[in-house]
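Here the structure comes first, spelled out in structure tokens, and everything after it is commentary.
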2 protein chains.
Amino acid sequence: MSPAGAPLTHPTREMPANSNALIRRLQSLSRLTPTERSALWELLHAWEWVPAGAVIEREGDCSGAIHALLAGLACRHKDFRDGRRQIIAILFPGDLSRNLGGAARPTDHHVRALTRAKVVRIALHHLEAVIEANPGIERALHTATIVEGAVLRAWIVNLGQRQAHERLAHLFCEIAHRMANCDLSRPDGSFELPLTQKELGAALGLTSVHVNRVLQKLRAEALVEFDNGVLRIREMERLRGIANFDPAYLSNWGHGQAP
Amino acid sequence: MSPAGAPLTHPTREMPANSNALIRRLQSLSRLTPTERSALWELLHAWEWVPAGAVIEREGDCSGAIHALLAGLACRHKDFRDGRRQIIAILFPGDLSRNLGGAARPTDHHVRALTRAKVVRIALHHLEAVIEANPGIERALHTATIVEGAVLRAWIVNLGQRQAHERLAHLFCEIAHRMANCDLSRPDGSFELPLTQKELGAALGLTSVHVNRVLQKLRAEALVEFDNGVLRIREMERLRGIANFDPAYLSNWGHGQAP
DNA sequence: CGGTTGATTGAGGCTGCTCAAAAGGTGTGG
DNA sequence: CCACACCTTTTGAGCAGCCTCAATCAACCG
């Protein structure tokens with residue numbers, strides 16, 4: 001809890017680095033020096049809460065800023081004119097709205113808060129200046145981009161090859177692992193997941209009606225409980241078997257430190 | 001053909017940089033100095049041809065090397081034990097088997113030649129040394145990663161929301177644009193695309209039987225011709241309309257130079 | 001010529017969609 | 001406190017997109 005303030009020059013007593021989701025994330029991807037941690041900390045103090053449903057970044061935006069999610073859940077999604085919506089990715093605390101290096105391009109999708117969310121806007125020139133002085137941060141950000149790419153590929157496989165119940169099972173497995181990585185799981189393994197069935201459908205390429213029926217089947221087989229925005233996976237092993245889920249893609253073996 | 005052992009002081013007459021697909025690609029993503037171009041050239045002289053179907057990189061591989069595709073087509077794909085296969089991405093000349101920074105992790109999918117392909121293996125430590133001396137190369141590689149991410153997101157939308165005929169139309173549009181970017185289109189806009197209907201199905205999450213029927217419909221409406229491994233889009237505008245295709249995600253506006 | 005691979009066609013069936021309506025929950029205003 | 005609107009979940013009936021299985025045809029190759 002307390003900052004573990006090992007002074008280099010003298011990293012402030014005010015920097016509870018471990019309480020910041022982005023710093024925690026980057027630290028798990030690549031080692032950060034105390035200087036780098038405090039440089040990050042400087043970027044992140046002007047956060048604010050936004051309500052569920054708020055648009056964090058609009059499609060077409062090229063305002064020269066990126067946003068970091070510090071608490072809550074968000075998603076990337078693309079809307080069609082006829083009402084179809086695809087959720088492309090789910091963002092957890094510590095995720096960024098854009099990848100470094102692509103920040104100058106207009107975004108091709110919306111980023112939206114799925115829950116009340118703690119968000120900080122980071123001006124691009126500001127971030128670049130910090131990176132300039134702290135190459136370790138750049139390395140960590142690029143590693144984050146790599147892991148995100150692996151998740152996108154897993155989603156493609158999920159949408160392309162699996163049937164509805166396998167698809168939902170896989171999504172639940174992924175979310176459970178990422179929740180645990182963010183320390184958002186309760187002791188019994190359950191966690192808050194305030195997604196509607198419509199939103200699950202938008203992530204899975206299914207209608208909310210069908211999600212409902214599939215969910216009932218998973219419930220009936222005592223695999224999961226999902227009520228009141230809380231998901232509890234009762235039999236992870238069987239669920240993993242159904243989904244053919246392998247969590248390797250979510251971690252960063254090989255580079256930096258392992259979780 | 002000949003390795004062009006150029007001293008980096010004088011940018012040799014032997015370096016037809018524009019004849020190398022990777023150099024051309026990176027150049028289009030970010031400006032490269034002559035020194036950087038020749039440093040890249042050094043990395044790429046030991047290429048070889050591999051036959052169609054050859055595995056370029058195996059799932060689970062962590063050999064400390066990445067592969068660059070210099071000619072031909074390749075794909076990333078994931079296989080299930082029961083025979084299902086999803087093609088996750090199509091690689092064009094100038095694409096890499098892995099993203100820089102993730103090269104030390106074991107790959108989570110196969111990379112396979114779709115046609116006879118010109119491939120060069122690049123040892124990781126070698127690449128890192130070159131990047132160390134030429135930061136412009138690193139920037140270009142990261143931009144390539146960003147663009148690749150945009151393509152993955154477009155595939156997720158395609159698989160999740162579009163019906164078979166829209167899906168196929170979208171894939172054809174994407175391929176046509178990327179072919180043109182690689183100067184692989186003929187004057188009449190047609191190009192070689194030696195994919196089987198089974199492979200198209202594996203990319204689109206459809207069976208080859210259904211791909212066949214959808215293809216017939218597109219043909220019947222005079223939208224495309226697809227015979228003998230050659231695709232010709234006869235009415236790009238209408239095809240784009242069906243697919244709801246917007247090519248913006250394939251380019252790199254904002255950073256470096258525009259195509 | 002037989003063997004193999006890919007394209008094509010047909011019949012039938014299942015998964016997941018559409019349309020519709022009812023039930024449960026929540027917040028708002030009278 | 002109730003009435004009302006609104007959203008989400010749930011359920012049902014019918015349909016359609018896509019799959020499965022199977023067979024035929026065409027091209028290529030040793």
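Order of the sequence lines fixes the chain letters, A, B, ..., with proteins taken first and strands second; residue numbering starts at 1 for each chain. Worth saying up front: this structure is predicted, and the values here are computed from it rather than measured.
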For a quick test of reading the model: is some side-chain N or O of A:T207 closer than 4.0 Å to OP1 or OP2 of C:dC17?
yes
Taking the side chain of B:Q197 as its heavy atoms from C-beta onward, which of C:dA7, D:dT10, D:dC19 lies nearest to it?
C:dA7
Give A:G201 one of three labels, base, sugar-phosphate or nothing, depending on what nucleic acid heavy atoms sit under 4.0 Å from its own.
nothing
What is the distance, to the nearest angstrom, from the CG atom on B:L231 to the C1' atom on C:dA7?
16 Å
Just the rounded figure in Å: distance from P of C:dG6 to CG of B:L200.
12 Å
Name all residues meeting the side-chain contact (heavy atoms from CB on, under 4.5 Å) criterion together with B:D61; count only those two or more places apart in sequence or in a different chain, and write none if there are none.
B:E57, B:S63, B:R98, B:T107
Value in whole Å for how far the C1' atom of C:dG16 lies from CZ of A:R162:
18 Å
Name the residue closer to the 5' end of DNA chain C, choosing between B:R213 and B:L195 according to the nucleotide with the nearest heavy atom.
B:L195
Pair B:D79-B:H77, side-chain donor/acceptor within less than 3.5 Å:
yes
Separation of D:dT9 P from A:D227 CG (nearest whole Å):
10 Å
Can you confirm whether the side chains of A:H170 and A:R162 place a donor and an acceptor under 3.5 Å from each other?
yes
What is the minimum heavy-atom distance between A:R76 and B:R153, and which atoms define it?
CD-CD, 4.3 Å
Axis-to-axis angle for the helix from C:dC1-D:dG30 to C:dG30-D:dC1, ends of five pairs each, to 10°, equals 30°
Please give, in whole Å, the distance from C:dT5 C1' to B:K198 NZ?
10 Å
Examine D:dT10: is either OP1 or OP2 under 4.0 Å from a nitrogen or oxygen in the side chain of A:N212? Give yes or no.
yes
So what does A:R219 touch, heavy atoms closer than 4.0 Å: a base, only the sugar-phosphate, or nothing?
sugar-phosphate
Would you call B:K217 and B:E221 a salt bridge, using N to O less than 4.0 angstrom?
no
Could you say whether B:V209 or A:V214 is positioned toward the 5' end of DNA chain C, judged by the nucleotide with the nearest heavy atom to each?
B:V209
Taking B:D188 first and then B:R234, would you say they form a salt bridge - that is, a charged N and a carboxylate O separated by under 4.0 Å?
no
Side-chain N or O of A:Q216 less than 4.0 angstrom from OP1 or OP2 on D:dT9?
no
If you only use heavy atoms from C-beta on, which nucleotide in D:dG17, C:dA7, C:dC17 is closest to the side chain of B:Q163?
D:dG17
Under 4.0 angstrom, heavy atoms only, what part of the nucleic acid is B:G205 near: base, sugar-phosphate, or nothing?
sugar-phosphate
How close do A:S185 and A:F191 get, counting heavy atoms only, and between which atoms?
OG-CD2, 4.0 Å
Mind listing the closest non-hydrogen atom pair of A:A203 and A:L171 along with its distance?
CB-CD2, 4.4 Å
To the nearest Å, give me how far apart NE2 (A:H165) and C1' (C:dG16) are.
13 Å
Using a heavy-atom cut-off of 4.0 Å across all strands, would you classify B:L215 as base, sugar-phosphate, or nothing?
nothing
Rounded to the nearest Å, what distance is computed from the CD atom of residue B:Q161 to the C1' atom of nucleotide D:dG17?
15 Å
Over how many whole Å does the gap from B:R84 atom CZ to D:dC19 atom C1' extend?
13 Å
